[in-house]
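Whatever order the structure lists ligands and atoms in, that order sets their numbers, starting from 1.
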Amino acid sequence: MSNELVSTWCKLNSSVPSSYVHPEDIRPANSVLNTDEKIPVIDFGGQDRADIIRKIISSAENYGFFQNIMQNMKNGDINLLQDEVVGKYTQQLNKLGLKILELISEGLGLNPEYFNGDLTAKPVVVSHHYPPCPEPGLTLGASIHKDPSTLTILLQQEDIIGLQVFKDGAWIPIQPIPGAFVVNMGFMLQVITNGKLIAALHRVVTNSTISRHTIAYFMNPTEECIVEPAKPVITSTSPQKYRPLTFGQLKWNYMNKRGDFDAELDDPTKSS
Ligand SMILES: O=C(O)CCC(=O)C(=O)O
Ligand SMILES: [Fe+2]
């Protein structure tokens, strides 16, 4: 199948090629789903700033994820869905992401502009296409991972569930909500908040009938930017967990540890 697109191949075959079959222990067919729990939905159109901040922090601590909706938006700061031009779209997403990071900063006692420079200076937009898959139980659309970003904002196709978040030993499917964005904390935010906010493991499952599209906006630091726990979050009860490393080094660790950033980092006394 080397010269074919996966999407073409999928229409012609009734099984997945062996190279796509995941080891038994991480196959969707063998994992526990939790369909009773939902990740929190936060209405940014609400008036009570302190309440929005509380909800963001609590979602980021417990799930590493939330969905963001805008009810009662008046003629729109953020007419995201109407913007067809990618440039405009990413500008708006950047605004939304910086707003969320400002609210997080406020909630954690950081300078409101903490994230405005190098920590978010290199955003990347990725469009994902997941074709239907003949054997969804054996493979994954996106393998289990944490995002190596500061913050990720994802627009999901409305009519189909693919993204799942790991919490308490089970996978919670993220139900798409029209007009909502899925927001998740990247590993850089976990480091900066000294582990208070979590970059949750997530994965994408496939299905045998419908293809799925998503657009991910990753707010990434510059390569040279030093990522380290912010001073205000280091306390006697929460001593420094991560040593300072550049984003480039962190990404290198990530690639070489197959998505496990933490192993190398937990000992802050180790030098790089
Ligand atoms: O497409 C999705 O639903 C999620 C993709 C994802 O997790 C990623 O690009 O990091
Ligand atoms: Fe991801």
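- A cation-pi arrangement, defined by a distance under 6.0 Å to the six-membered ring centre and an angle within 45 degrees of its axis, is absent between Lys55 and Phe66.
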(request) Decide side chain to side chain contact (heavy atoms under 4.5 Å, CB included) for Thr120 and Asn220; before the verdict, give the C-alpha distance in whole Å, the side-chain angles of both, and the deciding distance to 0.1 Å. (result) CA-CA 5 Å; Thr120 52; Asn220 288 340; over 6 Å; no
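- No side-chain donor-acceptor contact under 3.5 Å links Asp25 and Asn30.
- The angle His202:NE2 - the Fe ion (ligand 2) - His145:NE2 amounts to 90°, with values rounded to 10 degrees.
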Check ligand 1 against the protein and report each N/O to N/O distance under 3.5 Å, formatted as atom name, atom name, distance.
| unit_1 | atom_1 | unit_2 | atom_2 | d |
| --- | --- | --- | --- | --- |
| ligand 1 | 1 (O) | Tyr130 | OH | 2.6 |
| ligand 1 | 1 (O) | Thr214 | OG1 | 2.7 |
| ligand 1 | 3 (O) | Arg212 | NH1 | 3.1 |
| ligand 1 | 3 (O) | Arg212 | NH2 | 2.9 |
| ligand 1 | 7 (O) | His145 | NE2 | 3.1 |
| ligand 1 | 7 (O) | His202 | NE2 | 3.1 |
| ligand 1 | 9 (O) | His128 | NE2 | 2.6 |
| ligand 1 | 10 (O) | His145 | NE2 | 3.0 |
| ligand 1 | 10 (O) | Asp147 | OD1 | 3.0 |

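- Residues Asn94 and Gln91 bring no donor and acceptor atom of their side chains to less than 3.5 Å of each other.
- Looking at Ser238 and Asn194, their side chains do bring a donor and an acceptor atom within 3.5 Å of each other.
- In summary, the side chains of Arg27 and Thr139 do not present any donor paired with an acceptor at a separation below 3.5 Å, with no hydrogens or angles considered.
- Nearest N/O/S atom of Asp147 relative to the Fe ion (ligand 2): this is OD1.
- Counting only N and O atoms by type, the side chains of His128 and His213 include no donor and acceptor under 3.5 Å apart.
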